Amino acid sequence: QVQLVESGGGLVQAGGSLRLSCAASGLSLSTYGMGWFRQAPGKEHVFVLRLSRSGYSTYYADSVKGRFTISRDNAKNTVYLQMNSLKPEDTAVYYCAAATKFSTDWDQYDYWGQGTQVTVSS
């Protein structure tokens, strides 16, 4: 059974940083492209960034370029989302997701985590 479990969310002041983790079981993250999405209240899932299967290619939404980075630890089968210079508009539930093909579309992913709340206060 495949599971993606996010952790690391919380409350942070604007300008602060958080690091989210996504631990996988039942699949090897080195064989999947990994994406992070976020969902604000009443809104749809929005693509944030993605890491390719090889781990060498990343793709970022314009809204997070220069502030967020994604990385992967194959030994721990875990993907990380480092978020710096956080803004109140970054407040959302953050989800990791795994896909065998490149996509920025939530529905094109194969597996999803349960999400972790990130709240940025002004």
Side-chain angles (χ1 to χ4, degrees):
Q1 182 181 0
V2 174
Q3 277 193 314
L4 301 176
V5 179
E6 300 96 336
S7 61
L11 173 64
V12 64
Q13 287 189 328
S17 299
L18 278 176
R19 189 177 80 156
L20 306 183
S21 300
C22 172
S25 59
L27 62 79
S28 172
L29 293 185
S30 61
T31 63
Y32 282 81
M34 293 301 298
W36 283 92
F37 291 81
R38 63 188 181 187
Q39 185 179 34
K43 301 292 181 65
E44 295 189 350
H45 294 94
V46 175
F47 172 80
V48 177
L49 44 62
R50 187 187 189 276
L51 179 68
S52 65
R53 283 185 293 177
S54 68
Y56 293 113
S57 177
T58 54
Y59 185 75
Y60 297 84
D62 289 341
S63 59
V64 305
K65 280 182 181 176
R67 300 189 299 123
F68 291 12
T69 56
I70 185 172
S71 61
R72 186 177 73 198
D73 186 331
N74 289 337
K76 294 182 178 180
N77 212 30
T78 299
V79 169
Y80 302 97
L81 173 59
Q82 178 67 45
M83 305 185 293
N84 299 326
S85 302
L86 282 161
K87 305 174 182 179
E89 52 263 43
D90 294 318
T91 295
V93 177
Y94 283 72
Y95 300 86
C96 64
T100 55
K101 59 183 179 180
F102 175 82
S103 179
T104 60
D105 186 348
W106 171 263
D107 292 334
Q108 294 298 312
Y109 279 69
D110 302 302
Y111 304 102
W112 304 265
Q114 84 291 346
T116 185
Q117 176 70 47
V118 171
T119 302
V120 184
S121 63
S122 57

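This one's a predicted model, so the numbers in the text were calculated from it and none came from an experiment.
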Distance-only donor-acceptor hits, side chain of residues 112-119, under 3.5 Å, sequence neighbours excluded:
{"from": "W112", "atom 1": "NE1", "to": "W106", "atom 2": "O", "distance (Å)": "3.1"}
{"from": "Q114", "atom 1": "NE2", "to": "E6", "atom 2": "O", "distance (Å)": "3.3"}
{"from": "Q114", "atom 1": "NE2", "to": "E6", "atom 2": "OE1", "distance (Å)": "3.4"}
{"from": "T116", "atom 1": "OG1", "to": "G9", "atom 2": "N", "distance (Å)": "3.2"}
{"from": "Q117", "atom 1": "NE2", "to": "A92", "atom 2": "O", "distance (Å)": "3.4"}
{"from": "Q117", "atom 1": "NE2", "to": "T119", "atom 2": "OG1", "distance (Å)": "3.3"}

Results of salt bridge (charged side-chain N to carboxylate O under 4.0 Å, His left out) for R38 - residues two or more places apart only: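 Applying salt bridge (charged side-chain N to carboxylate O under 4.0 Å, His left out) to R38 gives D90.
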
Partners meeting salt bridge (charged side-chain N to carboxylate O under 4.0 Å, His left out) with D107 (sequence neighbours left out):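 Once residues adjacent in sequence are excluded, D107 has no partner under the salt bridge (charged side-chain N to carboxylate O under 4.0 Å, His left out) criterion.
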
Polar side-chain atom of N84 near backbone of F68 as donor-acceptor pair, under 3.5 Å: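 Checked: no pair found.
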
Heavy-atom donor-acceptor pair, N74 side chain to L29 backbone, under 3.5 Å: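 Not a single qualifying donor-acceptor pair exists.
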
Give the cluster check for [X] versus [Y]: same hydrophobic cluster or not, with ILVMFWY residues linked at side-chain heavy-atom distances below 4.5 Å.
{"X": "F37", "Y": "L18", "answer": "no"}
{"X": "V64", "Y": "Y59", "answer": "no"}
{"X": "V2", "Y": "W36", "answer": "yes"}
{"X": "L4", "Y": "V93", "answer": "no"}

What donor-acceptor contacts under 3.5 angstrom involve side-chain atoms of residues 46-54, with partners at least two apart or in another chain?
{"from": "R50", "atom 1": "NE", "to": "Y109", "atom 2": "OH", "distance (Å)": "3.3"}
{"from": "R50", "atom 1": "NH2", "to": "K101", "atom 2": "O", "distance (Å)": "3.1"}
{"from": "S52", "atom 1": "OG", "to": "S54", "atom 2": "OG", "distance (Å)": "3.0"}
{"from": "S52", "atom 1": "OG", "to": "G55", "atom 2": "N", "distance (Å)": "3.4"}
{"from": "S52", "atom 1": "OG", "to": "S57", "atom 2": "N", "distance (Å)": "3.1"}
{"from": "S52", "atom 1": "OG", "to": "S57", "atom 2": "O", "distance (Å)": "3.4"}
{"from": "S54", "atom 1": "OG", "to": "Y56", "atom 2": "N", "distance (Å)": "3.2"}

Steps toward side chain to side chain contact (heavy atoms under 4.5 Å, CB included) verdict (I70, Y80): CA-CA 6 Å; I70 185 172; Y80 302 97; over 6 Å; no

Results of side chain to side chain donor-acceptor pair (under 3.5 Å) for S28 - residues two or more places apart only: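 Once residues adjacent in sequence are excluded, the partners of S28 under the side chain to side chain donor-acceptor pair (under 3.5 Å) criterion are S30.
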
Y60/T69 under side chain to side chain contact (heavy atoms under 4.5 Å, CB included): CA gap, chis, key distance, verdict: CA-CA 8 Å; Y60 297 84; T69 56; 4.0 Å; yes

Minimum-distance pair of heavy atoms, taken over all atoms of Q39 and Y95: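 Taking every non-hydrogen atom into account, OE1-OH, 3.5 Å.
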
Nearest heavy-atom neighbours spanning M34 and A98: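 Answer, listing the atom of M34 first, then A98: SD-CB, 3.5 Å.
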
[atom1]/[X] to [atom2]/[Y] distance, rounded to the nearest 0.5 angstrom?
{"X": "Y94", "Y": "L20", "atom1": "OH", "atom2": "CG", "value": "7.5 Å"}
{"X": "Y32", "Y": "R72", "atom1": "OH", "atom2": "CZ", "value": "13.0 Å"}
{"X": "N77", "Y": "S25", "atom1": "CG", "atom2": "OG", "value": "8.0 Å"}

Of all pairs that satisfy disulfide bond (SG atoms under 2.5 Å apart), the ones with a partner from residues 90-122, not counting sequence neighbours: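 For residues 90-122, and leaving out neighbouring residues, the disulfide bond (SG atoms under 2.5 Å apart) pairs sorted by first residue read C22-C96.
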
Stepwise side chain to side chain contact (heavy atoms under 4.5 Å, CB included) test for V12 and S17: CA-CA 7 Å; V12 64; S17 299; over 6 Å; no

